[in-house]
Amino acid sequence: QESEEKFAKLLEDYLPQHTVTRELLKTEIDNLPLYGYGIKAFMLSMIETTLRVSEGTSTAVDIETILNIGKEMLQKPVVKLEGVDSVLEALSDKYRLVLATKGDLLDQERKLSKSGLEGFFHHIEIMSEKKDDDFKKLLKHLDIQPHEFAMVGNSLKSDIIPVLNIGGYGYHVPYHVNWELDTVKHKVEHDNLQQVDKISEVLQYL
């Protein structure tokens, strides 16, 4: 969101900031099949939006500013949720832990390395998408059944709903910032779904 604000300010001579943000989202949606998820895809979408909004009159300085916005994002320190280390430590004594995430391979590997959490996981899966079939493939690879699998995540759309759909369990830990494309606007109710306010509360159920 901070980067989107910087980008919108960069183009405010062409369009109001809220309109720039809307145009960027439209570009991101169109580009998902080509670029997938991640900061590099976001950078390319910002550049494309700039060229479209400015009708080709944007400068090399504008493009350089966008690249710098992206590089700043890639170099930001990893900030872990409060209690995540102790939760993973407690769960690793009882369960086989798997990290399932989506996005750019290099960026996700770098973030995981910076987090210092790699050692807790039996398996790490960096997925191009997180839909029902993608989780089915993951479970087949892990040689487990859906009822043996529980997903803890902040995104109802990507982390929780697909797992519920295939017969697994979901523990939703809401976060105050959500990407527009990852937002579920309807209420989700399911016997296998549990919502918690913070990640440490997961230990009450697992």
Side-chain angles (χ1 to χ4, degrees), residues 1 25 28-29 32-33 35-39 41-42 73 76 78-92 94-105 107-115 117-118 120-206:
Q1 286 188 338
L25 180 64
E28 289 181 278
I29 293 171
L32 273 177
Y35 303 146
Y37 301 89
I39 294 173
F42 181 62
M73 293 176 70
K76 277 186 176 295
V78 171
V79 180
K80 293 181 283 187
L81 292 177
E82 183 182 352
V84 69
D85 290 85
S86 57
V87 168
L88 290 175
E89 186 173 357
L91 293 177
S92 63
K94 298 189 289 183
Y95 300 101
R96 184 166 52 146
L97 300 185
V98 175
L99 175 68
T101 184
K102 68 180 179 183
D104 177 76
L105 177 63
D107 185 30
Q108 296 296 70
E109 286 180 337
R110 180 169 44 241
K111 284 193 287 188
L112 181 58
S113 177
K114 285 181 178 180
S115 75
L117 300 175
E118 283 178 285
F120 288 114
F121 297 104
H122 168 82
H123 178 76
I124 294 166
E125 188 81 11
I126 299 174
M127 309 153 82
S128 57
E129 189 54 271
K130 289 166 85 174
K131 294 184 177 177
D132 298 15
D133 286 343
D134 301 291
F135 279 103
K136 285 179 182 178
K137 289 177 186 175
L138 174 60
L139 267 58
K140 185 176 180 181
H141 175 73
L142 296 171
D143 193 26
I144 59 174
Q145 297 301 312
H147 70 271
E148 299 174 298
F149 184 75
M151 182 72 175
V152 180
N154 68 292
S155 171
L156 275 171
K157 183 177 180 180
S158 297
D159 296 325
I160 306 301
I161 293 176
V163 172
L164 297 177
N165 286 344
I166 65 172
Y169 292 82
Y171 294 87
H172 182 222
V173 189
Y175 194 63
H176 64 279
V177 176
N178 256 335
W179 188 31
E180 181 69 22
L181 288 183
D182 241 1
T183 301
V184 175
K185 296 181 179 176
H186 62 275
K187 187 174 182 180
V188 178
E189 294 182 343
H190 196 285
D191 290 343
N192 290 359
L193 170 63
Q194 183 67 50
Q195 182 167 306
V196 295
D197 293 325
K198 51 188 178 180
I199 196 166
S200 59
E201 294 177 15
V202 168
L203 296 178
Q204 300 173 23
Y205 302 97
L206 291 174

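Fair warning: this is a prediction, and the values are worked out from it, not measured in the lab.
Heavy-atom minimum distance, Gly36 versus Ala41: O-CB, 3.6 Å. The nearest pair of heavy atoms linking Val78 to Ser115 is CG1-CB, 3.9 Å. Asp107 and Asp104 get closest at one heavy-atom pair: N-OD2, 3.0 Å.
With sequence neighbours excluded, the residues satisfying salt bridge (Lys or Arg N to Asp or Glu O under 4.0 Å) with Lys76 are Glu2. Residues passing the side-chain hydrogen bond (donor to acceptor under 3.5 Å, both in side chains) test with Thr101, sequence neighbours excluded: Gln108. For Ser92, the side-chain contact (heavy atoms from CB on, under 4.5 Å) partners at least two apart in sequence or on another chain are Leu97, Phe120. Contacts of His147 classified as ring pair (Phe, Tyr, Trp, His ring centres under 6.0 Å), with partners at least two apart in sequence or in another chain: none. Listed by chain and number, the residues in a salt bridge (Lys or Arg N to Asp or Glu O under 4.0 Å) with Asp134 amount to none (sequence neighbours excluded). Here Arg96 pairs with nothing under the salt bridge (Lys or Arg N to Asp or Glu O under 4.0 Å) rule; sequence neighbours left out. For Lys80, the side-chain hydrogen bond (donor to acceptor under 3.5 Å, both in side chains) partners at least two apart in sequence or on another chain are Asp85. For Lys187, the salt bridge (Lys or Arg N to Asp or Glu O under 4.0 Å) partners two or more places apart in sequence, or in a different chain, are Glu189. Partners of His123 under the ring pair (Phe, Tyr, Trp, His ring centres under 6.0 Å) rule, at least two apart in sequence or in another chain, are His141. Listed by chain and residue number, Leu112, Phe121, Ile124 satisfy the side-chain contact (heavy atoms from CB on, under 4.5 Å) test with Leu99 (two or more places apart in sequence, or in another chain).
Annotation: side chain of Asn154 is not in contact with side chain of Leu81 (no heavy-atom distance under 4.5 Å).
Within a 6.0 Å radius of CD in Glu82, no more than 12 heavy atoms belonging to other residues, nucleotides or ligands are found. When the shell of 6.0 Å around NZ of Lys137 is examined, it contains 12 or fewer heavy atoms from other residues, nucleotides or ligands. No more than 12 heavy atoms of other residues, nucleotides or ligands lie within 6.0 Å of CD in Glu89, so this atom counts as exposed by the packing criterion.
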Let me check something: any side-chain donor-acceptor pairs from residues 199-206 under 3.5 Å, sequence neighbours excluded? List them with distances.
residue, atom, partner, partner atom, Å
Glu201, OE1, Asp197, N, 3.1
Tyr205, OH, Gln194, NE2, 3.3

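Legend: side chain to side chain donor-acceptor pair (under 3.5 Å) pairs involving residues 157-171, not counting sequence neighbours, sorted by first then second residue: Lys102-Ser158, Lys130-Asp159, Asp132-Asn165, Ser158-Asp182.
For the atom pair CG of Leu32 and CD of Glu129, the computed distance is 7.5 Å after rounding to the nearest 0.5 Å. The CZ atom of Phe135 sits 10.0 Å away from the CD atom of Glu125 when rounded to the nearest 0.5 Å. Taken to the nearest 0.5 Å, the CD atom of Gln145 stands 10.0 Å off from the CD1 atom of Ile166. If you take CG on Leu156 and CD1 on Ile161, they are separated by 5.5 Å, rounding to the nearest 0.5 Å.
Here the options are Val163, Ile160, Leu164, the test is side chain to side chain contact (heavy atoms under 4.5 Å, CB included), and the partner is Asn192; only Leu164 passes.
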